[in-house]
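Contents: one structure, followed by commentary.
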Amino acid sequence: MLLIDVLQCKKSASVPFWFMRQAGRYLPEYKAVRKNFPDFLSFCYTPEAACEVTLQPISRFDMSAAIIFSDILVIPDALGVDVTFVENIGPVLTSIANKAAIERIGMGQHFSEKLSPVYKAISLTRSALAKDKALIGFCGSGWTLACYMLQGKSSRDFSEARVFALKEPELFKKLMALLENAITDHACAQIEAGANAIQLFDSWSGVLSEVEFEHYVVQPTKRIVAGIKNKHSSIPVIGFPRMCGAKLEYYAKETGVDAVSFDGSVSLAYAKKEVQPHVLLQGNLDSQILAEDKELALAQTGKILDRFAGTPFIFNLAHGILPHTPIANVQAVSDMIKNHA
């Protein structure tokens, strides 16, 4: 598998690539499947449908890897937090920002049972996927899951979650410990079902100060990675502390991940000079550019490929594909990557 070979720093004549949210609303075949489900989570928890949409972008664009169709919030859902997805609003959760609520949630047999459809979807997908294509499993990381669970919805700065962590340090520590165990278990179960690599999404790490980043992102991620590696030492782990900027170098050095996905909060020059000496890099075409301007997307793709030529590297986006992205733009970028020498 090209992606796994490169994650293991083996030399390759070509650049592996996949795109975050590559299975999504920009594809008509995805929308045809999605309309059969009354809500998003029931879609995620139907293994045959999840498998089908996971494979759709591979059939169209011949990416190096598929990423299982699921969501980071299946972990809170399996822990007993009410999770719904509201059209034009996003995820809405019952906030657990008090002692009684935190003490009510927990792991047990119901946790693995709730998530068993995800593992079945992975098994189905791995069986259907070509042997040279990698299958990526994923989890939300601790801070990001805590943000949604404490705030109850998305936010630009998650100030309520940050205040809770500062004012209720023992309760927050208890919540994070629970999440670390849940994330580790979910990641390992995905590997055992057939995932060849795991990506950890810390989507809201960019709202944190340096001190908070150390305690809420770096140290929890280090423990999660160690837990995964303790059971599955050969499985690569990719970390994505989105919008963390110059804190990315410290994350790369300290967490134990095999690769980091980087976004537009750092320059290509910074990523190559300061981060690449520590871990393999994955990134970082701007999703908005991909959606709006094919020629500019191709120019930026060429710039990224040239910058990291001759070194192990995975091409990806800075964040997920936007729903209005033209298929022709994705096809053009995919072709450029596959033809790059």
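In this structure a side-chain-to-backbone donor-acceptor pair under 3.5 Å is present from S116 to E113. The closest donor-acceptor contact from the side chain of Q199 to the backbone of F138 lies at 3.5 Å or more, if one exists at all. Using a distance-only test at 3.5 Å, with no hydrogens or angles considered, no donor-acceptor pair links the side chain of E29 to the main chain of E52. The backbone N or O of A189 lies less than 3.5 Å from no partner atom in the side chain of Y119, so there is not a single donor-acceptor pair. In terms of modelled atom types and a separation under 3.5 Å, the side chain of T46 and the main chain of E48 share no donor-acceptor contact. Of the possible donor and acceptor atoms, one in the side chain of T144 sits under 3.5 Å from a partner among the backbone N and O of S203. Between the side chain of R223 and the backbone N or O of A226, no donor-acceptor pair lies under 3.5 Å. Listed for the T54 side chain is no donor-acceptor partner under 3.5 Å among the backbone atoms of I68. At distances below 3.5 Å, not a single donor-acceptor pair connects side-chain atoms of T255 with backbone N or O atoms of V218. Within the 3.5 Å criterion, the main-chain N or O of D39 finds a donor-acceptor partner in the side chain of S42.
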Let's go through L7 and I238 carefully: what are the C-alpha distance in whole Å and the side-chain angles of both, what is the deciding distance for side chain to side chain contact (heavy atoms under 4.5 Å, CB included) to 0.1 Å, and is it a yes or a no? CA-CA 9 Å; L7 280 167; I238 306 166; 4.1 Å; yes
Under the criterion side-chain hydrogen bond (donor to acceptor under 3.5 Å, both in side chains), I'd like the reasoning laid out for T311 against Q276: C-alpha separation, chi angles, the key distance, then a yes or no. CA-CA 9 Å; T311 62; Q276 195 176 45; 3.1 Å; yes
Check the pair I105 / M149 against side chain to side chain contact (heavy atoms under 4.5 Å, CB included), numbers first and verdict last. CA-CA 11 Å; I105 64 172; M149 294 165 76; 3.8 Å; yes
Would I191 and I228 count as a side chain to side chain contact (heavy atoms under 4.5 Å, CB included) if you check the C-alpha gap in whole Å, the side-chain angles of each, and the deciding distance to 0.1 Å? CA-CA 9 Å; I191 293 165; I228 295 169; 3.8 Å; yes
Under the criterion side chain to side chain contact (heavy atoms under 4.5 Å, CB included), I'd like the reasoning laid out for H232 against C188: C-alpha separation, chi angles, the key distance, then a yes or no. CA-CA 7 Å; H232 303 285; C188 288; 3.8 Å; yes
Run the side-chain hydrogen bond (donor to acceptor under 3.5 Å, both in side chains) check on N329 and Y26 step by step: do they pass? CA-CA 11 Å; N329 294 14; Y26 73 106; over 6 Å; no
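Ring planes of F308 and F313: parallel class, angle under 30° (limits at 30 and 60°).
Considering every non-hydrogen atom in both F40 and S70, the closest pair reads CZ-O, 4.4 Å. The two residues I321 and Q22 come nearest to each other via the heavy atoms CD1-CA, 3.9 Å. Counting all heavy atoms, side chain and backbone alike, V83 lies closest to L41 at O-CD1, 3.5 Å. Across all non-hydrogen atoms, the minimal contact from A97 to S95 is N-OG, 3.3 Å. Contact record, A161 with Q151: N-OE1, 3.2 Å, taken as the closest heavy-atom pair. Closest approach of C51 and A121 over heavy atoms only: CB-O, 4.2 Å.
Going from atom CE of M63 over to atom CZ of F315 covers 11.0 Å, rounded to the nearest 0.5 Å. C147 contributes atom SG, which lies 9.5 Å from atom CG of D157 (distance to the nearest 0.5 angstrom). To the nearest 0.5 Å, atoms OG1 (T184) and CG (N181) are separated by 6.5 Å. Note: D286 CG to H319 NE2 = 11.0 Å, rounded to the nearest 0.5 Å. N316 contributes atom CG, which lies 12.0 Å from atom CG of L281 (distance to the nearest 0.5 angstrom). How far CD1 of I72 is from OH of Y148: 5.0 Å, rounded to the nearest 0.5 Å.
Every residue two or more places apart in sequence or in another chain was checked for a ring-ring contact (aromatic ring centres under 6.0 Å, His included) with F61, and none qualifies.
Hydrophobic clustering (side-chain heavy atoms under 4.5 Å, transitive across Ile, Leu, Val, Met, Phe, Trp, Tyr) keeps L268 apart from I289. The hydrophobic cluster containing V6 also contains I235, counting ILVMFWY residues as joined when their side-chain heavy atoms lie under 4.5 angstrom apart, directly or transitively. L124 and V74 are members of different hydrophobic clusters when ILVMFWY side chains are connected at heavy-atom separations under 4.5 Å. Y45 and F37 fall within the same hydrophobic cluster, where Ile, Leu, Val, Met, Phe, Trp and Tyr residues are linked whenever their side-chain heavy atoms come under 4.5 Å apart, directly or through other members. Residues M176 and I96 are members of one and the same hydrophobic cluster, defined by side-chain heavy-atom contacts under 4.5 angstrom among Ile, Leu, Val, Met, Phe, Trp and Tyr.
Taking 4.5 Å as the limit, some side-chain heavy atom of C244 sits within range of a side-chain heavy atom of F213. Side-chain contact check for K114 versus D77: some heavy-atom pair is nearer than 4.5 Å. The shortest side-chain heavy-atom distance between L305 and V15 falls under the 4.5 Å cut-off. Counting heavy atoms from C-beta on, the side chains of R34 and R25 never come closer than 4.5 Å. Side chains of L200 and V225 form a contact here, defined as non-hydrogen atoms less than 4.5 Å apart. No side-chain heavy atom of I224 sits less than 4.5 Å from a side-chain heavy atom of V237. Contact of the S64 side chain with the W18 side chain is not registered, since no non-hydrogen atoms from C-beta on lie closer than 4.5 Å. Here the side chains of H186 and V118 are in contact, with some heavy-atom distance below 4.5 Å.
Less than 6.0 angstrom separates the ring centroid of Y30 from the ring centroid of F43.
Crowding of K303 atom NZ: a count of heavy atoms from other residues, nucleotides or ligands under 6.0 Å not exceeding 12. By the 6.0 Å contact criterion, NZ on K229 is enclosed, its count of non-hydrogen atoms from other residues, nucleotides or ligands being greater than 12. At most 12 non-hydrogen atoms from other residues, nucleotides or ligands lie less than 6.0 angstrom from NZ of K153.
Residue Q288 is tested with T325, L322, L317 for a side chain to side chain contact (heavy atoms under 4.5 Å, CB included); the sole match is L322. Looking at W204, F164, W143 one by one, the single match for ring-ring contact (aromatic ring centres under 6.0 Å, His included) with F158 turns out to be W204.
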